[in-house]
2 protein chains.
Amino acid sequence: MATRKVTKLPRSEREAERRKTILRAAVEVFSRKGYQGCRIADVAKEAGVAYGLVYHYFKDKDELLGSVFESGWSAFLSRVAAALSHESDFEAKVRSVVHVAFEAYRRDPRGVKVLILEVGRSPSGGAVNRGGAFTNVIELAAGVFAHAQQQGELPAHLEPKLAAALFFGSIEMALTLFVVGLLERRDDVLDRARDQVVETFLRGVEHARPSPGAAAVEANPSEAAPWTSAKSGTKSRVARRD
Amino acid sequence: MATRKVTKLPRSEREAERRKTILRAAVEVFSRKGYQGCRIADVAKEAGVAYGLVYHYFKDKDELLGSVFESGWSAFLSRVAAALSHESDFEAKVRSVVHVAFEAYRRDPRGVKVLILEVGRSPSGGAVNRGGAFTNVIELAAGVFAHAQQQGELPAHLEPKLAAALFFGSIEMALTLFVVGLLERRDDVLDRARDQVVETFLRGVEHARPSPGAAAVEANPSEAAPWTSAKSGTKSRVARRD
DNA sequence: TCCGCCGCTGATTCGAGAATCAACGAGACG
DNA sequence: CGTCTCGTTGATTCTCGAATCAGCGGCGGA
């Protein structure tokens with residue numbers, strides 16, 4: 001968007017730029033039509049380039065979609081890894097990973113949607129090793145849980161891989177609520193949801209604590225039930241376009 | 001499987017039987033190749049019928065796949081509803097729904113895989129109203145949670161829909177572990193996993209209690225860590241073929 | 001036993017979209 | 001300023017699978 005052809009870029013940079021443009025367009029189309037449903041022609045049109053150019057940058061459809069997935073997923077993975085390395089105690093780690101996931105969604109709902117809707121779902125034949133990616137996060141997280149168990153921060157009888165699955169399953173489905181529009185994509189809603197995910201995972205539904213500052217809200221009846229969006233007018237209508 | 005053509009059935013019943021055969025075949029192929037990836041020819045071959053017959057029973061591909069989804073999903077929904085109506089207190093409801101889900105997986109892994117891999121994931125254009133189905137369960141469960149809140153069994157500050165999402169997200173991802181082969185599909189593993197799902201959801205990872213009878217196991221070192229399957233030969237290479 | 005209906009067959013048709021390729025022209029380089 | 005390179009174009013070709021349809025034969029009824 002920003003750079004029109006006005007700015008002269010050296011050959012190589014212009015090329016890399018093109019490639020990224022196509023990749024972005026692919027994410028866009030992919031998020032609308034799904035892995036199998038999208039046509040190369042759509043991607044080309046979305047990117048504003050000729051049909052054939054897509055094949056100049058990517059061997060075939062599989063490679064294109066593979067790249068889309070790859071770049072999104074590795075970005076997410078590295079953010080998660082970074083978050084984990086910044087924190088030392090278990091609760092903080094859990095909190096920061098959830099934070100990363102929600103932040104990613106806030107930043108790029110489309111991209112997250114693509115990842116959510118495709119990871120681990122689709123025929124084993126596909127070029128993209130989604131199954132492998134799925135396995136990776138699960139095992140990364142499982143390592144964290146196993147470590148927490150050794151530190152005595154977590155009951156020893158839990159299976160770490162399963163704990164990891166419950167963790168990411170919660171995050172994924174929570175984000176799915178937003179993706180499908182059951183919850184409104186609004187900052188305050190996202191924040192409270194994030195807290196509830198963390199609390200429920202750590203302490204269970206029965207003992208989940210309210211979001212920090214929720215007490216204040218509790219005292220103010222007019223803002224009492226932010227979930228049910230009493231006054232529809234406020235921000236409402238976030239530009240739905242998924 | 002059981003009935004060959006030996007047993008003479010009245011016309012109408014034979015037809016209904018055929019229809020079911022095709023539906024079953026569709027589930028099978030569908031679970032292998034995915035919604036978009038499967039070809040009608042595959043379904044016909046799998047069912048052992050002529051290509052054209054598929055079109056005799058189903059208007060087109062979409063209707064076929066819609067029926068597959070519909071029948072599986074409605075069966076699941078009614079079991080869930082039944083389970084809910086049998087129990088009165090909150091914990092029991094949670095436990096029994098998880099039980100239903102795991103039981104469904106035990107009975108028909110392929111079918112569950114299809115539901116898991118397709119529900120809520122795919123372009124909104126699809127004939128099947130998967131999104132609607134997804135919304136349905138979430139809202140069914142949300143009702144249960146809201147009711148529990150009124151009974152004081154659950155903190156009032158939780159958003160019921162989100163709680164429902166966390167609940168089903170946990171179940172789904174737990175089953176996914178089995179579907180992709182990260183956990184072995186064995187009765188004892190399934191049982192323990194089921195308990196851990198319930199416990200983690202109700203009380204959180206930090207306070208999840210061991211499975212009933214785990215204490216007994218705890219006392220017996222040889223059976224100590226069934227998760228990590230000390231003796232390697234046991235689990236290893238689960239016959240990946242989903 | 002014979003007739004006619006209709007469940008069933010699978011080769012054929014048809015369209016959609018993936019992948020190719022020959023040609024064009026803008027920038028690089030002398 | 002001319003030429004050459006290569007990014008770019010989009011019509012063309014080719015593949016693959018959805019949907020059709022004309023006819024066959026098993027089954028039930030008379």
Side-chain angles (χ1 to χ4, degrees), chain A residues 3-26 28-30 32-68 122-123 125-128, chain B residues 3-26 28-30 32-68 122-123 125-128:
Chain A
T3 57
R4 286 303 290 168
K5 61 172 64 173
V6 205
T7 47
K8 284 206 172 185
L9 258 8
R11 262 278 180 74
S12 57
E13 284 187 27
R14 265 206 72 80
E15 273 186 58
E17 205 50 49
R18 282 285 218 187
R19 202 189 144 90
K20 275 194 220 140
T21 301
I22 295 177
L23 225 47
R24 264 195 299 273
E28 171 67 28
V29 176
F30 200 11
R32 276 205 305 266
K33 315 225 188 178
Y35 193 103
Q36 309 272 352
C38 82
R39 284 160 299 170
I40 294 292
D42 296 332
V43 175
K45 189 183 295 178
E46 177 72 34
V49 302
Y51 185 98
L53 195 61
V54 175
Y55 284 90
H56 179 73
Y57 286 105
F58 302 90
K59 186 174 132 286
D60 57 17
K61 197 184 175 189
D62 267 2
E63 187 182 301
L64 169 60
L65 299 172
S67 299
V68 166
S122 65
V128 201
Chain B
T3 57
R4 287 305 291 170
K5 60 170 66 171
V6 206
T7 46
K8 285 205 172 185
L9 258 9
R11 263 274 180 76
S12 58
E13 285 186 27
R14 266 204 70 79
E15 273 186 60
E17 204 53 46
R18 281 283 218 192
R19 201 188 143 92
K20 274 192 223 143
T21 301
I22 295 177
L23 225 49
R24 262 195 300 273
E28 173 67 27
V29 177
F30 199 11
R32 277 203 306 265
K33 315 226 189 176
Y35 192 103
Q36 309 272 352
C38 83
R39 284 159 299 170
I40 294 294
D42 296 333
V43 175
K45 189 184 294 179
E46 176 72 33
V49 301
Y51 186 97
L53 195 61
V54 175
Y55 283 89
H56 178 73
Y57 286 106
F58 302 91
K59 184 173 133 285
D60 59 17
K61 197 185 175 189
D62 267 1
E63 187 181 301
L64 169 61
L65 299 172
S67 299
V68 166
S122 64
V128 200

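As a basis for the values below, the full set of heavy atoms in this structure was taken, side chains included, without hydrogen atoms, waters or symmetry mates. Computed from a predicted model, the values in this text were never measured in an experiment. Just so it is clear: chains get the letters A, B, ... in the order the sequence lines come, proteins before strands, and each one is counted from 1.
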Rounded to whole Å, please give me the gap between CD in B:Glu17 and C1' in C:dC8.
17 Å
Residues in salt bridge (Lys or Arg N to Asp or Glu O under 4.0 Å) with A:Arg39, at least two apart?
A:Asp42
Could you give the NZ-to-C1' distance, from A:Lys45 to D:dT9, as a whole number of Å?
16 Å
Show every donor-acceptor pair shorter than 3.5 Å between a side-chain atom in residues 46-56 of chain B and any protein atom, with sequence neighbours excluded, or say none if there are none.
none

Applying a 4.0 Å non-hydrogen cut-off, can you work out what A:His56 is touching in the nucleic acid: base, sugar-phosphate, or nothing?
base
List the steps and the verdict of side chain to side chain contact (heavy atoms under 4.5 Å, CB included) for A:Leu23 and A:Phe58.
CA-CA 10 Å; A:Leu23 225 47; A:Phe58 302 90; 3.5 Å; yes
In whole Å, what is the span from the CZ atom of A:Arg18 to the C1' atom of C:dA26?
12 Å
Can you list everything that forms a side chain to side chain contact (heavy atoms under 4.5 Å, CB included) with A:Lys20? Sequence neighbours excluded, please.
A:Glu17, A:Arg24
Readout for nucleotides 15-22 of chain D: B = base within 4.0 Å of protein heavy atom, S = sugar-phosphate only, - = neither; 5' to 3' it is --SBBB--
How is A:Tyr57 classified with respect to the nucleic acid when contacts are heavy atoms under 4.0 Å: base, sugar-phosphate, or nothing?
sugar-phosphate
Starting at atom CG of A:Asp42, determine the distance to atom P of C:dA16, rounded to an integer number of angstrom.
13 Å
Go through the structure and list residues passing salt bridge (Lys or Arg N to Asp or Glu O under 4.0 Å) with B:Glu28, not counting sequence neighbours.
B:Arg32, B:Arg110
Sequence-distant partners of A:Arg18, salt bridge (Lys or Arg N to Asp or Glu O under 4.0 Å), two or more places apart
none
Tell me the interatomic distance from A:Leu65, atom CG, to C:dA18, atom C1', rounded to whole angstroms.
12 Å
